[in-house]
Each structure stands twice: as C-alpha cells, then as structure tokens.
Amino acid sequence: MKLNHSRNVMFAWVALCCLDLVAALGWSGAKPAVAAGPLAIQGATIITVSGETIENGTVLIRDGIIEAVGTEIDIPGEALVIDGTGKVVMPGFIDAHNAAGMSQANEQAAVVPFLSVVDSIDPVASYFEECRRNGITSAAVVPGNSTLIGGKAAIVKTAGKYVNDMIVRRDSALKLSLRPTSGSRMSQMSLLRKELDAAKKALEAKDEDGKASKEEDASKKAESEDEKKDDAEGDESGDEEKGEGDKDKESADDAGKGEDIGLEAMKLAVQGKMPVYIYCEVAMDVTAAVKLVDDYGLKPIYVLGQECYQAAKLLAKQERTVILDPTLVYWKTNPRTREDEKVELPAIYREAGVPFVFQISDSDRRTTLGTSYFWYQAATAIKFGLTQDAAFAALTLEPAKLLALDDRVGSIEVGKEADLVVLTGQPLDIATWVDMTIVGGEVVYERDEDEKLKRLLSPEAE
Amino acid sequence: MKTKLIDHIRRPLGFVILCLACWIGPGVLAQENSRTLIKAKHVYTVDGKVYSPGQVLVQDGKISFVGESIILSLPATEVEVDTLIPGIINASSQAGQRGGGSEFSREVTPEFDTASTIDWRARDFAEAVDQGVTTVQVLPETESVFSGFACVLKTAGDLDKRIVNAEQGVVLAVSSDPTSRNRSRSRPDSIYVRQPTNRMGVVWIIRHTLHQTQLGKASDALDPKTTEILQGIVDGSRPVLSVSRTDFDIRSALELGGDYGFLPTIYGGDEVHRMIDEFQQSKAKLVYTALTANSAGRSLRGNEGTELRWNVPGKLDTLGITFCLGGDNLLDQAQFAVRFGLPTEKALAAITLMPARILGLDNRLGSITTGKEADLVALSGDPLQPTSSIEWTMVGGKIYGKLESKK
Amino acid sequence: MSVTAESKTLSHRGISDWLAALLLCAVLATPGFGQTVDAYFASAIWTGDGEPIQDGVLLVREGVIVAVGRQDQIEIPPRANRHDLGSATLIPGLVIAQTNIVESTRAEDYAISPEVRAVDGFDPFGDYQSLLAAGITTVQVSPGGNRLMSGVGAVVKLAGEDPTKQILAEVESLRITLTREGLSPPTVYEPPVGAVSVERPVEPTKPQLGTSLAQAIVGLEALLAEATEADSPDDIRLQSLAQIIKAKLVSRWTAGSNAEVRAALHLAQQFNIPWIVVDPLEVDLLVAKKVWESELARGVILNPELRPGRIANPIVPREGAKVEMPVWKRARSLIDAGAADRMALRASTDEDLKTLLFTASVLGRGGLTPAEILRTITSSPARILGVANRVGSLKPDADADFVVLSGAPFEPGTKVLATFTDGRSVFDIKSKNESDVKNEQATVIHAAKIYTADGVLETSSVAVVGGKIAGLGTDVSLPQGAKVRDFGNAVIIPGMIDCSTSLGLGGSLSETTTFSTKLGPLLARDDDQVALGRQGGVTTALLSSTRLPSPVLAFKLTDSPRPLKDPVALRFEIKGNLTATESSLERTLKTGKAYADSWNKYDAEYAEYKKQLAKYEVEKAQYDAAMKAAADKKAAEAKKPEAEKKEQETAKEKEKDENEKKDVSESDKEADKTEPGKPATEKASGDKTEAAKTEAKPDDKDTNKPDQPKLVEPKKPTEPNKPSSSSSLEAYRDLFAKKIVAMVDVSDVKAVDLAVKLFRKDFGLKTAIVAGEAAARRAKLLAENEVFVVVGPALVGTDDEGELVNYAAELSIARVPIGFQSNASTGVSELPAAISYAVYEGLGSSDALQGLTAGTAKFLGLESVGAIEVGKDADLVVLSGSPLLLSTEVLAVMIDGEWVYEKESN
C-alpha cells in the first residue's frame, strides 16, 4: 500500500478498496495492514467537541493516536488518505452503562462483588457489532440492575477479536442495584450496609496488621494496567494477555494467603478507589444512595430509573453527571389525582441543573426505531431544550469524563486515541449514517461493507 | 392577608405537563373565537403544494382557506408557527380499549362492536394528540378469527362528534393469533376447548364460515346480525381488514379474498417483501406496522417473530402499491422510513393522506385542503427531522397543547 | 384581627415602645436577622402542652418558631408579614407514635431481624397529602409487625424541602412483638451461594424460636444476654443487637395481656434498656406504684380500637371472666398513675390516621379535657419518640409544624384549613377545593320561618356568601368561617320593592327629563333619607321625576345606592283632555316604534353582511392566487422561446399586461413579491420541490378551472348603513323589545281604557298602570289584557254608597297582578304598615307579599331580587312575627349581604 503518493482521490479510493478487502477478511488481518502506516481523513467537517468545529479539515493518525488536527496539515506521502469531502468526523460515541455486551447480566445470589464482567464479555456479541455500526467506540459493560451487589464492570473498546484486545480498564467499577429483588427495600439495605461494614472492618483489621499496602497495590495495578494499555494500544494482544495472566496469578496468591478476594472490590469501593455504579429504580432509592455515599465515602455513578426525576433537586446538589433511563419521555397517571402527566426527563434534569448522559434500550427491547440509537436520544434531548453542543458532548466527552477516560478519548485532540466516527452528513440529521468507525486508528466498520445493513435496506427476497 | 396562606401552596411541578392543562385550557381558548388564522413559515399541504410561507384560515372546525396570504376583513385569532402539517392518522391503533378488546367465547364474532369498548377519557388519546395524531382506526384484538368491527375515531373534541365511523370494516385474523388460548385437551368445560389450535384451523374456520354464508345456510348458532355481516363480506358490501404479518398469512388472506369475492386490506405486512410482486398484482392495500417491531421481529401486536426488512416502505413506494404506516409513534416511523429510503414527501403522505385514502376518508381528512376538517399539527421545524418537536395539535379547529396566541 | 394588632402596636408609642424596639433588635440580632418573620394571628393557640392561649400570635422565622403567646404580650417585628387567620385555631402538627408507612410492609423471613431499619423503607417522595390534610406532620415508622423482633423504627416528617432532612430520628426504637402476631415465624432456608459459602457456612432449613410466649421470652433473654456479652460478634443480627444495647436504644414492646406486659418490663429492666409498651389491653402493671418514676419508662401507646365507618361486635364476656377495661378508662388510670406526659394515642390502622382528630375524642369519655386529649397526639408522642425538642408542641426554637383548624379541636364541624411544616404550607384547603375562589365573608342566619320562593320553611337557616344567597334549608351546611346569627323565632321575608318613591337623590326630582336621562349616576351616597326609608323592609325602590313623562330607575337602598336597572320603565301619564293626549301619545309611540324597527332591521342586515364578508375574503384570496398563477404561467410561456437575456423584457411585458388587467393592487403586489418568471412552487425547498413541481401542475390547473371562465374579482359586499341614532329615542328600542315596561299614570276609568287600548292593544307593550280606584273598577278588563297595576299609597277607599273598597283586594280577586307604591321619600319605611291595613281589610297577605316582592320583581324584570332563593341577592328582612301585620316589627334588614338596619335592642 506504499503506492499512495499524493492526495489523489483515485488512489485513496484504491486504498479504500484494499481496506475494504482487509476489513472483509476480518479484524485481526486488518491490523498489520493499517497499523503499518499513518492514516489521514481529509477535507471533512471535524466536530472536535473539545474545541471549535473545523470546516474542510484533516485528521492525521499515527500509531492509533491523533497526531494532528486542522486545516493546514501536510500529509506524509506514505499516509493512507481517506477522502472526507462532505463528511463529518466526530469522536467515537461512548456507552457509559450497558449490560448487553455480556451474556447473563444478572446473578441469582444477591451479593456477588467478586464477579467480573470480563469473564462474560462476548466479543462477537451482536451488541458490539451494533456499536461499530452506530459509531460507539468505547463501552462500559456493567452487571445488570437485578442484583444487589452485581460485580465488577469493565470498560472496553467495541472492536477486538479477544476480550483482552478490547479491555481498556478491567474492574473499572462496582455495580450496586437498589431495586428490591429479594425481600423488602429495608432488608436489602440492611444486607448492603452489612456487606459494606464488613469491607470496612476487614480494612481496619489489616491496618492494624500494619500491611495496609495491599489495596494501594491493587489500585496501582489497575492504573499500571491502564498505562500498559496506553502504550500497548494497537499492537497485538500477546503481552496484554500475559499481563492479565500474572494479575490472575497474584490474586490467586492472595487467595492462598487467605486474603478475601471476594471482598477486594468492596474494599476498594469503600476506600473510594473504585467507582460504584448505583442503580436507583425510584426516587426514594436516590435518597438511600446519597446516604450510602456519604456514610461510606463511595465514588458514585448514579444510574437512574424513570421515576427518579422526583429527586432531581437532590441530585443537583450532588453535582455529578447521571445516566438517564433509555426511555426519556413517557406518560404516567397520578395514582391519587388520576391526572395524566407527561414526563420529559431531559427537560426536568436540565431545569434542575443535573448534567446527564444517555443509555440506549437494552438489546432485548431494541426496536427498529427510537431509543436503540444514541443519536436519537441526543435528538430527543434537543427537542426538550438541550443545546446541540451539549448534546454532542453528552455522546462523547461527558461519558468519557464520567468513566475517567477523558484523558484518552471523548474528543478529537492531538495526543488522544484515534476513536473516530465518520458520518455521511450532519449528525442528528435523519438521513445521516455512520460511514466509517475507527477504533485506535483502525477502521473497524465501513458502511459499504456492511452486508447486514445492505440486506436490511434492500427488501427484495433473496 | 388570607391570600398569604394561598401563597404557601406548593405549585404543581412545572416540568410535568398536567394533561388537564393542555386538554381544557387552550381548547377553550380556541373555542371562544371560531376563526383562527395560522401563519406558518412552511405549510405542507400534502395535496401536492408546499407554501413557504403559508397561511391557513380555520373557520368553524373546517379549513376555509389555504394559500400564501389572505387579507382578513374580519377579526380572527392569529397563531404563528414554524411548520404546519395535516393531522396524523393512525390506521392501526388499540387506543382506549377497555373491558377486553375481543370476545373469547367464540371464534366468529364479526359483530363485536369495538366502538363500545372505548374509554373516551383514556390516556391513550391524550398521548395520541400529544404525538400529533388526530384520527385513529381502533382495531379489535385478534383473539377471535372474525375479530369484529374496526372503528374510526377522532382523538379529541366533543364526545358526540368523536366517532367518525363505528363500522369501518370487519377484521379477520389471518394469522396464528386466534390459536393462542385454544386447547384441544383441557378441562372439558373450558371455553377454550375448540379449534383453531393452529394456523390451518384459522384459515379453515374462515373458509367454512364464508362457505356456509355463501350457501345461505349460516349455522343457527350465529345470530341474525352476525349472519348479515358475513353476508356483507361475501357480497363485498363490507370492507375486510385482514391482520396478517408473515408472507404466507398474507397469501392466505388474498386467496380467501379471491375465493369469496372480497379484497382485504392487509394490516401488519411484516414479511410482505417476500411476496411483494404477488402483492402488487393483487392490487390490495397495506397498512404497514412492522417498523414498530423489535429487533427479534416481534410486532407490538401478535407474537410470531418475523424476518425484518427496514426499507419495505421505500420498496412499496417504488412499486406504486397503495400503503400507509400504522401503529405507535407515527412521526418517528415516517422519519425512519425516510432514513431507510422513502422519499420525504411520500413519508409525510404515508401518515396523513394515504391512511385517509385507505380508510376512504380522504374527502374529509388527510391533507390541508380548503373544505377539509381542520386537523393540523404545528412543529418547531422540518417535520421529518428528529430534532423538531410538536408545538400543538389542532383537532376539529380546537388547539390542544402549547400555544402562543397573539391579538 | 390584624387591624386590631396594628392599632395595638400604634397605641403605646413612647419610651416603652423604644425599649421594646431595642429588645426586638436584640432578638433579631441572632443569625438570620433580616430574614422575614411570619406572624400568624389566631383566635386561639393550643400549644400541645397545657391550656390554650386566647387571641394568640405565632412568630416564625426560617421555619422555626420564634415566639408564641397572647397578641398583647408579643412584640411583632415591624417588617413581619402578618397572616390573619381570623377565628381559626392553631394546634401543633400531629405526631403519631407508631405507624407502618413503609414502602413494603411484607414481613421478613427471620423472626429476629434487628438489622432491618424502617428508615430504609420510608419514601420521602411518597404522596402523603391525605395525612397532611388530617393535620399529621410527623410519624414513627416501624418495620412489619408480625415477627418477634422485626427491626428498628424511625421518626420522619411527612413533608419537607429536602428529603434527607425529613428524617428526625434514623434509629428510634427496636420493635419487639409479644402478642400472637409476633409468634408465628416461618421456617427459613438460606441457599448456599457460590463463593459466599466459603465465608459463611450454609444454614439449613431451620424452625425459628418463639411460637409460644414462654419460648419467646426465654429465647429473647438468651439472645440479649449473648448480645451484651459478645463485643464484636460475626453474626450480623447479634452485631446490630449488641450496638443497639450499647446505644441504650429504646425497646418498643407490643404487649396486650398482663403476662406480656410483665415479660416486657421484666426483660427491659433486666438488660437496663428504656421501654415503650404498645397496645396494652391490661394496664394493671403500668399503673402500679413507681413505674413512671423509673427513667427506663419511656411511655405507653394506646390503641383507640375504634375505626370510623366500621362496627365491631364485642365478645360476650364469659362467666367470671374479668371485663376488659375500655381504652378511655385505661387512659384515665394511666394519667392518674402519673404517665400524663408519656401516654400517646395511635390510630388502629394506617387508614384510620386520617380520622385521628375525631377518634381521639373518645378519650373524653374518660374525663380527659380536650387539652389532655390533644397532648396524647402531639407533645406526649413527641416526648416518647425523643423528638420533643423539635416537634409536638408550639414553643420557641421548635420546628414551625402547625395546623390551622377552623375551630376548637375535637369540636364537630371543625376542619383542618391548612397544615405547615418548617413554616411552609404543605396543605391548604383552598387549594383542595378550587370551587370557592375567594373566601368571602359568609353569614348564616337562623329563624323560625323563612318565606322562600316556594313556600315557607320552618326553623331553618339562610347562608349568605359574597352578597348572594348561597344556601337555604333546615340545616344549611356551614361555609368556611361563617358568622352565625340566630334570630330565634323571627320570620325572614325577601326585601320588598316600592314601585314609586322620591328616594335616592337627597330630595324629590321635579325637573323635566328625557327618556335618555340616566338617573343612576345621580344617586346620592350615604343619604340619610335612604337610611331611614329602608328601615321598613323595602330594599329595592323605583325612582322617577315627578314631572312626567320620565324614565324610571330601579335601585338598591344601600349606603351607596346601587342601580339595578336603568331605566326599568318609561313612565307616561294620561290626564286632561283625553282626545288630545291620545293623539299626542300615539304620535310619540309611533316615532318610537319606527325608530326601534329601523334598528332591528339594521341588526338583521349587519349579521348577513358579516356572513358575506367571510365568504368574500376567501374568494378574494383564491382569486388573487389564481391571477398570480395565470400571470406566472404567461411569464413562463413567454420565457420559453426567448433567450435568457430577454428575461427583463418579458418581466416588463408581464407587468404591463398585469396592469392592463382590471384587477387592482393586490395581485400586483403579489407579483412584485416573487421574482418575475418563477413558478411560485419553486419557493418550496429541498427535494419537496420535485414533488411540488410534478404534482403542482395538474393541481394548479384544476384549482384554476373554476376561476378560468369568470376571472372577475369578487365584489366586496357593501356594509348596510346605520339608521340615524337619536339618544332621546334609544329607550324605545328596549320598550318595544319588551325589555322594559311602560308605566302609565291614569286619573280615571276612561284613562284606564285609553291606556289599555293604546299601550297594550295597539302597541302591545308590557304595560303597568298606576291607579287605585279606577283600576279596581276596570279589574276585569285589566285582567283580560294582562296589565299590571301599581296601587298606593291609598289602598282602601269608599265607593259612592260609602261602601269600603279595597282596591288591592279587588284586583287580586280578579287575578290582576299588583305592585305597591309609596310615592314617598323617608315614608317608604311606612309602606308595609300601610299595606297591613289593606290586609286587615281582606287583602290576602300572600297576595300582598307577592306584590311587594316576587310578583313585581318578575314583572319589572329584576331577576336578582324579590325572592329568597339560592343565587339571588341577599336582600332579607327579619320580622318579629308574620309579615304585614301591624303588630309585627322589623328586627333587621340586610341588603346585598350587609346588615343595613338592626333594631336597637338587638
């Protein structure tokens, strides 16, 4: 593919074809092909989200990192050039909370903090395919809402052959759900508090023993992993696996030492070292959640059910970005007055001053239209008064911040990872499609190659 | 000083629109002055013209003028909006049904009077108006083979004027829906011990019943009204609506029509793309509801999973088949139909004029045309963009929902 | 009320006041100075402790009570917003010592679950309006009741700005149930859970302790013992139990029989934990000596065992079985035993909370005073729950949780008007029933007899709200804060109508007037004559110039006389040479009629014109559109052959032949708007254009078709021209429309005949003649022609034979409708007396009353007066006895809801 001398569209096209070819061949094959040289998208409208929108600009990518963004950029000869004329480039969308990437999201037992979604993530799950098709480049896979302490979440890129290719951060957060699944809310809360107390107690116990270093290591490990990924980004997953390997060994050792690996996540949580997703089904759960956070010094990410809007004021005080229910607008009938009310979540939270990001309806309730798409959620929010920029941020930079990934993804800036989505037109326009999705500098989706989409859009019987 | 007490009262939460407010309030306002002049940046009449800007004069619940401008010599309430489209018509709705949408004791209940199951205060209608729907055809549930009458209703207005047509047509369930409850073996006294327990049974029952009717010896079990209706079907005086989703269901429906001399309008049509040429030849009309199906191809009504195709509307359009979109969120459906390849103006027609035509009501409804009923929807922008929101809905000259009125 | 308070503060200005001011500053110098203070003035304030304060005031700042006391003892900060609650009573927000208002009352699996906290089950966003409406602001919530040790209760407020601040006590008391319900635990099974089982061994299915009281006691004793010993046990239940005991948390024992109570007290003492006994049916042990001296004795909570709307069947006591003490007796004896401030009353069930203010009064049977009863649902429960410092009584520094009652608590008819928590209104009856928009001063009047539109009501009442009659009946329901007047065995009749007076102008009017003259504006305010005149019970009077013809005004005899109908009639007279008068009158009436007709005609035409206009403007617009379309097509065609350059020319041409067209301005303007030679449809944007183009063409054609043949501009309909209007004749329009009446003064019989012929027969007017004897003679004729007769002042005369003739009576017998006139000013007050003579002489008193009220009102078209009927003006006359008897005197007169006269001694 060295034969690309200039910005000759024709050659670009040829290059594209090759790309298509390798894309068709499959992910692993594609890697060396593209990783070999820099990649440039040229002449496109670039919505950086972090800064100004650049008309007729160019993004230059090298080794999976954005090397340059702007209008006056000379593209190295060897660079593979994608003609972006008339197209719009955005940072890849980020799904801050979903259980679709894994199989069997909920554990029967109420307290399973030791489980990790990593063991359940299915790289070929249709969810990830959908993600690439719809421009989602990073996703937090989180245990479901029906287990009190559901286990550990993980943040992944949406492209990869093996789980380990995808992982951005293992054990990124712990999942709690206040929806009563066994017994009343009262007994659930008592159980939850008990577990948290236990974790605290265990910590104190160890402090006395003088080797309080354990958790720092744990957390360091988490960070170091991130670094590892930073530089390991893009090259093959061999040593990654090794990394994971020895981690597992270590934890095995812990078990050997009689350390309670079951409690580890809980400990990190009560130390505020591991964020905690707290799913609130109704408003009263929000008060409970806030209380928990205060009592145990948790680092919360609030995942809100529809009815939580009643606690909007309280949430505003928390000054944290929340994750809204996929159903943004719905009707309900007031049980006492029997009056029909229309609830418009985006409007409510905007007026209350609560920053929010979106969810898409989980795979089993996916419909042909509507809440299955992030762009649709954003459009709905705009209907109810959100500004366009805010809406774009809510798809990209906001979730990145929420997941503490904003140093790596979420906007188009020099030095950030090249997770991009190329759109055929203005985002949020009904006729706009994802033309190309790029993860870590590699083209992982192309509309022209999307056989499933073609079939869906061509009704002729085969 | 007494008022001070009132001052303390908690105000109703601003963000929750109390329907009371948006139902009575503006409705009354529009009522006081029977003349309303709507000035819009864009008026999509859907009868072929687009006025930008355009003006629509509404008088006594009818559209008395559409055009670029009109000089008034009499006072009228003036309303300014960005975009104006005709009221949306949902030809396949379940709105407001209470007390069971179908009769379980028998399979042949064409006399089932859907209009009488309607709870006129049901929230469904408030939601419909909120979504710009001004007219709905309510279908009975398809638990019985001859399910009953479909009726056409207005979604708002004086109760005595809400029913447009109580006996729009007879609904046949040419699908496996009616088999859901029936058992061949069960407690002998159960009313569900009967055919059909499978699809063949469904078709057989239709065949048998219509055959008997043709021979003029409908079983004595049926009361005269029922027989009269069946007679109406075979002599083609009563329109037939067939709820069919899979391709073979549609085929059966068309065949039955051929054998007994009626041309059914197909409701559902999820897999029509598998036999689309056949369908085109049949000249049958289609109310397509599959855009509301979920990713597993399960329609909101009916349980069988069907193979999904997204651009069926586009295909239907290119083949010149008379069709419209039906089911919930019609504006969304139209938008996505455009996304999937249906031309914009056709998409708009597919939720307004086409349903009106299929219901045989296009002389009264479906487009912004002088003399037609004043069912209008005002939007904040291009009706087929997801970012534009519905400002208000006018049904029979009364405005429901948000309203900026001057003068 | 506030006014009085105002005057007080004004009254003692002086050094003392300055000192007070200084003091005030001192008070306000506390943090939050400057924050607005709310002052609530009420006729009585029950603080929850001790006896009520009469004419009290409650000062609230920042949701906290600053001061409470008598209005003359409390200094009101100058900038305070004053809320005058009138005759209302203030009580503390009710505190309920035990409820189950939690998200799920479903019982736990475990018989012993001290770790369960009710606070986790309380929904601060729940809908508690019905409770707040019942005056309940604070409740104890406890976990499910049918387990031996079901968990820990909490104390919460039912409303508040910040949900997290609604919780007063997160951990209040440990609930233990020794009664039957507590002693039927299920068997539990804890399934082994994956890795968890490593930490915790599997617990197999096991029956739980305590299916009998004895067993339960033993078990509890062991459990508590273990908990006290173990410093940090692993088992979570023991753990939390240990903490509870350490914290000396209160234990709450549901115990009915003596045995259960004994067990409770025994265990509590043994482990030295404070106790509350709930629902004791036997109190022998609780009233024993020294019980309430122990600091462990927190309190006792009684169950009224009374459920409004339900009737329970008491069990017939078996031989020798000792009869259970009723709850009020228990209450009494507990008070006597010194538990007065530690005895609370709860509601039998959560549904009954709404009615607690009523059910509590059952304790009255035990001789408890209202104050004592109120205490059992306010301050005492607060004390038992350990939140007395914040709620339960109205005292400085406590939360401003209070309830506004329409009267004294526990009195029938007393309603909760409003409820406040932390100084914020959380319930207000006004917001509940929007029906009474503004709360006008209401009055209710009781009397022995009330003469209503349909018959006489015995011993009943009239309710008056906002100057109108709002209610009527033997026991009319009381509007909010109504003032009640009881006139014992008095009689109430409608205010009477005098058909001709010279009242209202401060003197009689003798100038000539035209029918256009409006007398209403001339009425004098605060006229002494009016004040005197109305004392007889006449509330509505007619007024005209003494020089006829003249317009007649009907007005109310209020201090600022209110015109009712102006004019109500036109008054003519027939006297002197009849032939002359006849012709002249005929002329005037003719002109009048002509005038009226011309206008009626015009009205009809104008209506038609409007219809036409509506049609026209639409046609016009379509015509313009068509013209333009045609013009555009021409231009388009013209354009085709020629080259682009010539476009301007074509444009010019187009404009030319535009101008040639006879149609004017409009279409030109339109054409100028669009650039020449572009089809209008091209304006439509995007891909719609194609659609428009393709489908527009055929459309355009067929829209033109109707216009094509006749391209004539539709004619603008011409507005019918108004007939010349003349103010002097205006009145006739109403007259001939029969909206007003023609009143004719006639001197003799001939005049009567003429009046009837001219006004009634010829011109078919609503006619009333003013005559006495003459009318009586022609009674038959008048009856036939439905002519109304105004008689008086003279009502009785003698005929030629010197026989007594009772004009009114004669007329009434002939069924001629009659009214009465005094023709007097202050003498109006004597009219009823005058009529009483006619009644004495045989005029039916009901006929007379008709003539004075309903009958006349109806004839004159004064709908709002003349009868006591819901919706009519509150014009009432209170009489000492039956109406129209000389012996009867007027006790009071009300006009438009205001008392305008009251007999001195009253």
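Quick note on labels: first sequence line is chain A, next is B, and so on, each numbered from 1.
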* Asked: For C:Asp123, is it the side chain, the backbone, both or neither that has a heavy atom under 4.5 Å from a heavy atom of chain A?
  -> both
* Residue among C:Pro163, C:Ser113, C:Ser240, C:Ala118 with most heavy-atom pairs under 4.5 Å to chain A -> C:Ala118
* To do: May I ask you to decide whether C:Glu161 forms a salt bridge with A:Lys313, counting only side-chain N to carboxylate O separations under 4.0 Å?
  => yes
* Structure fact -> Whatever's closer than 4.5 Å to a heavy atom in chain C on A:Ala288 counts as neither
* Below 4.5 Å, heavy atoms only, C-beta onward: do C:Phe122 and A:Thr287 meet side chain to side chain? -> no
* Would you call A:Arg193 and C:Asp120 a side-chain contact if the rule is heavy atoms closer than 4.5 Å? -> yes
* Asked: To the nearest 0.5 Å, what is the distance between CG (A:Asp294) and OG1 (C:Thr164)?
  -> 8.5 Å
* Structure fact -> When every non-hydrogen atom of C:Glu115 is compared with those of A:Ser190, the smallest separation belongs to O-CB, 3.3 Å
* **Atom group of A:Ala311 that falls short of 4.5 Å from chain C, counting heavy atoms** => both
* Any ion pair linking C:Asp162 and A:Lys317 (charged N to carboxylate O, less than 4.0 Å)? -> yes
* Structure fact -> For A:Lys291 and C:Glu170, the nearest pair of non-hydrogen atoms, with its separation, is CE-OE1, 2.8 Å
* Examine whether an atom of C:Gln166 lies under 4.5 Å from a heavy atom of chain A, and if so say whether it belongs to the side chain, the backbone or both; otherwise answer neither. => neither
